[in-house]
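We number each residue from 1, following the sequence as shown. Each ligand, and each atom within it, is numbered from 1 in the order the structure gives.
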Amino acid sequence: MINYKAVLDNISKAVEPLSGQGRNADYIPALANVNPDKFGMCIVTTGGKSFETGDSAERFSLQSISKVFALAVCLSLRGESLWKRVGKEPSGTAFNSLVQLEVEHGVPRNPFINAGALVLADIMLTSLEHPEEDFIAFVRELCGSSTVNYNLEVACSERKTAYLNAAIANLLKFHSNIECDVERVLDFYTKICSIEMNCKELAKAFLAFANHKEKFSYAGVSLTSSQVKRMNAIMQTCGFYDEAGEFSYLVGLPGKSGVGGGIAAIYPGCYSVAVWSPRLNSKGNSIMGMKALELLTTETMESIF
Ligand code: DON
């Protein structure tokens, strides 16, 4: 039996030499003010145990990690027909790239790039009676914490400077892949990204994906085991944008990153893990977070490969 607490404490020491490398996402003004030198990590097992180290109880901005929850809602709402509006191929480009979207006539490569998640936001806006309330109710049930919420200060701060996302949303609208008002879609999208959790809550939220053979039904969002399996496949191939190959190579687990410095990953059937450290590399992924997960799967020899 692996002593995960000792493994996590060792990892926390082993990543220390990387402190100072990279910087917070500063294109979202509110995120630039977060203390960059935080590090927290938590594992939650399918058997109900949890192991933590560092700043694992401090909440941070999920940013793109929330796109996984948005995909779960949209798959539950639309099933296979979802894939008419968004692809499921890795993009190999930055999360906020416009290039492919123009060439591919407004159908985003996958649901985790910004273009794809804007389409997900549009689908939720057209299908849910109370989009903001229904979405957060689902996320709260998934992570088991009723106090998890949107951070409207972060959402407003991003919304005011969301020039690139606005360009993407307008291009989607031009190609009729957004039904709602563009401004409404941008508002909801930035709120989705602004949700905050700590590492323990995030690991708990991802446990449902690690437990893919169990029933997935939270606040009216239901997925089959096969759908959860497929979501994990998309995390594996698209969860890290133009670094999905590198993450697969170094870590070997399905996962999703966010520019708040968080990464959530799953070891199917066994555990979910969340790590947070705000300093990012040039691809928008947490430097210490990636290293920590690489060390975890190397030391435990637990990966999907
Ligand atoms: O739309 C954005 O740019 C952010 N709200 C989310 C980007 C993000 O987290 C990309 N992940 N590494």
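S81 meets the side chain to side chain contact (heavy atoms under 4.5 Å, CB included) test with R78, K84; sequence neighbours excluded. Residues that satisfy the side chain to side chain contact (heavy atoms under 4.5 Å, CB included) test with H105, not counting sequence neighbours, are H175.
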Need the list: ligand 1 N/O atoms against protein N/O atoms, distance under 3.5 Å, rounded to one decimal.
| residue | atom | partner | partner atom | Å |
| --- | --- | --- | --- | --- |
| ligand 1 | 1 (O) | N114 | ND2 | 3.0 |
| ligand 1 | 1 (O) | E158 | OE2 | 3.1 |
| ligand 1 | 1 (O) | N165 | ND2 | 2.9 |
| ligand 1 | 1 (O) | Y189 | OH | 2.6 |
| ligand 1 | 3 (O) | Y27 | OH | 2.5 |
| ligand 1 | 3 (O) | N114 | ND2 | 3.2 |
| ligand 1 | 5 (N) | Q63 | OE1 | 2.5 |
| ligand 1 | 5 (N) | E158 | OE1 | 2.9 |
| ligand 1 | 5 (N) | E158 | OE2 | 2.7 |
| ligand 1 | 9 (O) | S64 | N | 3.0 |
| ligand 1 | 9 (O) | S64 | OG | 2.6 |
| ligand 1 | 9 (O) | V259 | N | 2.8 |
| ligand 1 | 11 (N) | S64 | OG | 3.3 |
| ligand 1 | 12 (N) | G284 | O | 3.2 |

Checklist line | Test log, rule ring-ring contact (aromatic ring centres under 6.0 Å, His included), inputs Y150 and F188 | finding: CA-CA 10 Å; Y150 305 107; F188 187 39; 7.2 Å; no

Next item on the list: Take E179 and R85 through the test salt bridge (charged side-chain N to carboxylate O under 4.0 Å, His left out) and record every step on the way to the result.
Entry: CA-CA 11 Å; E179 282 179 45; R85 291 189 54 188; 3.6 Å; yes

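Using a 4.5 Å heavy-atom cutoff, the side chains of I263 and F240 are in contact.
Hydrophobic cluster of F174: no remaining members, since no ILVMFWY side chain lies below 4.5 Å from it.
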